[in-house]
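Below: one structure, written as structure tokens.
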Amino acid sequence: MKYEFHSIEKKWQQVWEENKTNAASNDSDKPKFYGLIEFPYPSGDGLHVGHPRPYTAMDIICRKRRMQGYNVLFPIGYDAFGLPTENYAIKNHVHPKDVTRKNIERFTSQLKMLGFSFDWDRVVDTTDPKYYKWTQWIFLQMFKKGLAYKASMPVNWCTSCKCVLANEEVVNGVCERCGSPVVRKEKSQWMLGITQYAQRLLDDLDDLDYIERVKIQQRNWIGRSTGAEVTFKTTAGDDMLIFTTRPDTMFGATYMVMSPEHALVNKWLEEGKLRNGDAVRAYQAEAARKSDFERTEMAKDKTGVVLEGVSAVNPTTGGEIPIFISDYVLSTYGTGAIMAVPGHDQRDWEFARSFDLPIIEVVQGGDVTKEAFVDKDENARMVNSGFLNGLSVKDAIPTMIRWLTEKGIGEEKVNFKLRDWVFSRQRYWGEPIPIIKCPKCGWVPMDEKDLPLLLPDVKSYEPTDTGESPLAHMTDWVKCTCPKCGGPAEHETDTMPQWAGSSWYFLRYMDPHNDEALAGKDALKYWDRVDWYNGGMEHTTLHLLYSRFWHKFLYDIGVVPTKEPYAKRTSHGMILGLNPRNFDNLDPAEQDRLKAECGGEEGARKHLVQQYGEMADHPIVKMSKSLGNVINPNDIVNLYGADTLRLYIMFIGDFEKAAPWQDTAVKGSKRFLDRVWNLEQKVKPGDSYSRENEASIHRTIRKVSEDIESMKFNTAIAAMMSLVNEFYEKGLNRADYMALLKLMSPFTPHIAEELWEHMGGEGLCCRQAWPEWDERRMTESEKTIAVQVGGKLRATVTIPADADEETMIKAALADEKISRMMEGMELVRTITVKNKLVNLILKPKTLDKA
RNA sequence: GCGGGCAUGGUGAAACUGGCAAACACGCUGGUCUUAGGAGCCAGUGCUUCGGCUUGUGGGUUCGAGUCCCACUGCCCGCACCA
């Protein structure tokens, strides 16, 4: 009989669906396990081969947990609000709701085709009003606690999406999504006070089982730094507040810099205190016009304008020092103003050089005429620093902070890079913000009873150049009455960002049909935290951080019983594709043609780079539609079946690392399944492991069990392949075969189920107890050990397992090659490692016996 | 610039706390069966002047180093004027 994967896979998918084999129970005596993968955005392109990698991995873990006797929650849903759907709707004049529904249907059928053991009764969809009712509800709670607030500030404005972006969505000064330039725009926005949670988001990382690089990246993003906040007096009468991490260097502050947007600059301009007001205004205008990208590009050349007419007083020296504005000082970090210490800060040094400002050395150890000495070397000594002279940097910092505190002009201060989260978007396809603007009462939260605030059906979803949401044109929808005073009022027309719905979705899975709460108390208590969450590194400072923040807030208001949402976080590498424009990937005929044309291989490579750009130099690149190297999972399933796809994608390489898809290699996985299928012909009767295979089976069970836990799926599969190779060599019985099927079941569930049935196995294979290994049955009776002479391998000998040192050495010396080497030598030392090796240290025999 | 990671055959990759480098696959070569084979099966496959030599380069520690230490080179990722 042939391995007819199409019918087999369909058959078992149907069985699992009808029997709800993979449904989780909210009431069970078994221990619970909650495994989570990041729910997909249902794009119009359908599932990509990148999707099944993390899904299959977590599916394997969850299937194993079920076999180990756990009550497993392994849910799936759709993060369906978002721009691509909206843009598609605009272009094709269809409702985003309809686009979303179609895309979800497509994704669902593709996911089912791959045999993932999701609990299909718990699917969530962030665009479902029953779902986003609770997204809005959480927002209201944040509003009530003052954590959601409206603020006017310079925001990142994507010129193409016509929409504001969070800092996390701006990459290298361009929009993360569309790559268009991002500019600064002063706008009134809803903000979420994530910075109030900065310290806790940082501290609580310590106790979490996250892979280290995730922790490191979150810590860097939160960016905690300690120093001092100091007040400098100015000749205008106003005080200037600055933040510094190097209060020890204050004697070296020879000038001050404010960001061009700083409020004091505008105040002084208005008061006419600046003699060069025009120049200052011109610089401000120029800075505002620059995009983020230009700002970073200009990084090397420091520009600025001195404020004529006002100066500051360095409190340590009492000397007057000039004040500049420059865009190298950010308005959004610290206080938006700094004391400049050119001797010990490279940026200040460069600025001082271009403006010919004095550079004073206050910490010994460098040469400040050549470059700033920025080393925070604890043992370096202070100079030119009054009462700090002679102290080490380590002692100077607290001494200065004490001095500032006593004088009442400064104090110790902690600052974070993390900034509050810009939470409104001027788009249609998102959750409406449930806040009403009343001319009398200001911003008024909607009554919880009136949630969800539904998205209205509009005719046009086009964003506007004025920066208003498409909802603003819906006068019928916008007009409402104020819940507080009953007077005429208006709905907020901005919507929430895509990150809103995903910030709490894992809680909804616990109790997805609850109409009374985002999830019932019992369900929240029972499922506790997500035990294992696997997702992409690209979400580390976005979704992962955001959802930790929301969860902590929900904990604070008593909604959830846990401080952290995810106990364990792992991450997968991307699936890459071959670059069809790279020389190595061209077919040989084309290579030859190009070589002939361009004068050799080097010329051909250069030609390709000229034609396609730098990218042509890389043989392996991200899959992209424009390159035409995208692999569609449907094609693979049609050709080889879902089990082969699952197996290959797990066998492809280290799970944490990026790996290139190789079409030809897929066949190897199919071949393995064919071999397993054909092995059935060789199965002899027997209800316990055959003697010849027993040790290998136990070893394989251990290897597969342990490798799944550490996500080393590739070596787990290699171990199963080896076992199958052994079965072919040595033969096998029914018990041997069924052990293999149980091990394979999490990886390739359909074929395992089918062959289990052939074997007359009771019940479903995926419902069997996970096989156990016994160390005592794993060892062979004989071992082949290495014999080294002076650390170099010279021979191998076979000895009984667990032989003692003496036996090992004797066996080693008995070897023909070794005994030849012993001639004229004497043994000075031996090193033995049990069951592994003998190392003999020889030296020439001294002829003289005396 | 700062932070993190990686470097092993023609390719994807293995190698537990230092202990037989290249497991398991892909590809390739030869054979076999076949009307045929882009199917299956069998054998071979790091290099080699057959002494040996091999884990990006150069040092070190050790009886012994892919693994540990130091220096360097090259790639990848994240952040990036964060005071």
Side-chain angles (χ1 to χ4, degrees), chain A residues 171-173 212-217 219-221 223-225 227 242-246 249 253 257 259 295-296 298-300 302 326-330 332-341 344-348 350-351 374 415-419 537-538 540-541 573-574 578 584 618-620 647-648 651-654 656-669 671-672 674-675 678 703 706 710 712 714-725 728 784-796 828-842:
Chain A
V171 177
N172 293 331
E212 204 51 33
R213 53 199 175 119
V214 167
K215 287 191 183 184
I216 289 165
Q217 236 173 275
R219 283 194 193 110
N220 288 346
W221 189 261
R224 183 182 196 270
S225 54
I242 63 101
F243 172 72
T244 178
T245 55
R246 295 295 300 273
T249 64
V257 191
S259 70
R295 276 200 177 203
T296 38
M298 299 295 169
K300 307 134 217 162
K302 298 275 178 291
S326 171
D327 63 4
Y328 89 84
V329 172
L330 306 173
T332 43
Y333 183 77
T335 62
I338 60 156
M339 65 172 195
V341 184
H344 305 282
D345 181 288
Q346 192 55 31
R347 295 152 301 176
D348 296 346
E350 283 162 20
F351 190 87
V374 295
N415 247 315
F416 295 96
K417 280 203 259 187
L418 186 72
R419 290 178 226 157
M537 281 306 289
E538 69 275 18
T540 303
T541 55
M574 234 188 303
L578 294 180
D584 298 321
H618 300 270
I620 290 161
L647 193 71
Y648 172 64
F651 187 58
I652 196 167
D654 188 335
E656 282 199 24
K657 285 194 211 143
W661 177 275
Q662 284 179 314
D663 257 325
T664 51
V666 183
K667 275 187 282 181
S669 294
R671 203 171 289 160
F672 170 67
D674 282 331
R675 276 165 69 76
N678 295 330
K703 180 78 180 147
E706 290 177 352
S710 48
K712 289 154 96 182
N714 51 339
T715 48
I717 292 165
M720 291 190 281
M721 287 174 167
S722 293
L723 186 65
V724 167
N725 291 345
Y728 267 99
T784 302
I785 64 163
V787 182
Q788 297 180 340
V789 176
K792 285 206 160 122
L793 180 73
R794 297 297 174 187
T796 55
V828 284
R829 199 178 150 194
T830 58
I831 293 122
T832 57
V833 180
K834 203 174 190 180
N835 291 330
K836 281 252 161 78
L837 69 88
V838 176
N839 189 7
L840 308 170
I841 313 302
L842 309 181

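Numbers restart at 1 for each chain; the letters A, B, ... are given by sequence-line order, proteins then strands. If you're wondering where the values come from, they're calculated on a predicted model, not measured in any experiment.
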message: What is the separation between atom CG on A:Leu330 and atom C1' on B:rA83, rounded to the nearest whole Å?
response: 9 Å
Between protein and nucleic acid, restricted to nucleotides 37-46 of chain B and to nitrogen or oxygen atoms under 3.5 Å apart, what atom pairs and distances do you find?
{"from": "B:rG40", "atom 1": "OP1", "to": "A:Arg671", "atom 2": "NE", "distance (Å)": "3.3"}
{"from": "B:rC41", "atom 1": "OP1", "to": "A:Arg675", "atom 2": "NH1", "distance (Å)": "3.2"}

- prompt: Residues in ring pair (Phe, Tyr, Trp, His ring centres under 6.0 Å) with A:Trp221, at least two apart?
  reply: none
- prompt: When you check the phosphate oxygens OP1 and OP2 of B:rU62, does a side-chain N or O of A:Asn839 lie under 4.0 Å from one of them?
  reply: no
- request: Among A:Leu840, A:Leu842, A:Ile841, find the residue that satisfies the side chain to side chain contact (heavy atoms under 4.5 Å, CB included) test when tested with A:Arg829.
  value: A:Ile841
field: For A:Asp674, all residues meeting side chain to side chain donor-acceptor pair (under 3.5 Å), sequence neighbours excluded
entry: A:Lys670
- prompt: Stems in RNA chain B: runs of 3 or more consecutive Watson-Crick or G-U pairs, distances under 3.5 Å?
  reply: B:1-7 with B:73-79, B:10-12 with B:24-26, B:27-32 with B:40-45, B:56-60 with B:68-72
- prompt: Choosing from B:rA83, B:rG3, B:rC79, which nucleotide comes nearest the side chain of A:Asn220?
  reply: B:rG3
Spacing of A:Met537 atom CE relative to B:rG78 atom C1', expressed in whole Å: 8 Å
query: Is A:Lys302 close enough and on-axis enough to A:Tyr328, meaning under 6.0 Å and within 45°, for cation-pi?
result: yes
- prompt: Looking across every strand, which nucleic acid part, if any, lies under 4.0 Å from A:His344 by heavy atom: base, sugar-phosphate, or nothing?
  reply: nothing
- request: Applying ring pair (Phe, Tyr, Trp, His ring centres under 6.0 Å), name anything that partners A:Phe416, two or more places apart in sequence or on another chain.
  value: none
message: Can you list everything that forms a side chain to side chain donor-acceptor pair (under 3.5 Å) with A:Asn678? Sequence neighbours excluded, please.
response: none
query: What one-letter contact string describes nucleotides 5-14 of chain B from 5' to 3', where B marks a base within less than 4.0 Å of any protein heavy atom, S marks contact via sugar-phosphate atoms alone, and - marks no contact?
result: ------SBSS
task: Would you kindly give the NZ-to-P distance between A:Lys417 and B:rC79, to the nearest whole Å?
output: 10 Å
task: In whole angstrom, give me the gap between the P atoms of B:rG56 and B:rC16.
output: 16 Å
- request: For A:Thr784, enumerate each residue passing the side chain to side chain contact (heavy atoms under 4.5 Å, CB included) test, keeping only those at least two apart in sequence or located in another chain.
  value: A:Thr796, A:Thr798
message: Tell me every residue that passes salt bridge (Lys or Arg N to Asp or Glu O under 4.0 Å) with A:Asp348, counting only those two or more places apart in sequence or in another chain.
response: none
message: Checking A:Lys417 now: which residues fulfil side chain to side chain donor-acceptor pair (under 3.5 Å) with it, not counting sequence neighbours?
response: none
query: In whole Å, what separates the C1' atom of B:rA65 from that of B:rU54?
result: 14 Å
- request: Go through the structure and list residues passing ring pair (Phe, Tyr, Trp, His ring centres under 6.0 Å) with A:Phe651, not counting sequence neighbours.
  value: none
query: Could you give the NZ-to-C1' distance, from A:Lys836 to B:rG19, as a whole number of Å?
result: 7 Å
- prompt: Separation of A:Phe243 atom CZ from B:rA83 atom P, in whole Å?
  reply: 6 Å
field: Non-neighbouring partners of A:Arg419 that pass side chain to side chain donor-acceptor pair (under 3.5 Å), sequence neighbours left out
entry: A:Thr332
- prompt: When you compare B:rC47 with B:rA23, how far apart are their P atoms, in angstrom units rounded to a whole number?
  reply: 13 Å
field: Whole-Å distance separating the CZ atom of A:Arg419 from the P atom of B:rC79
entry: 13 Å
task: Counting heavy atoms from C-beta on, name the nucleotide in B:rG3, B:rG52, B:rG19 closest to the side chain of A:Arg794.
output: B:rG52
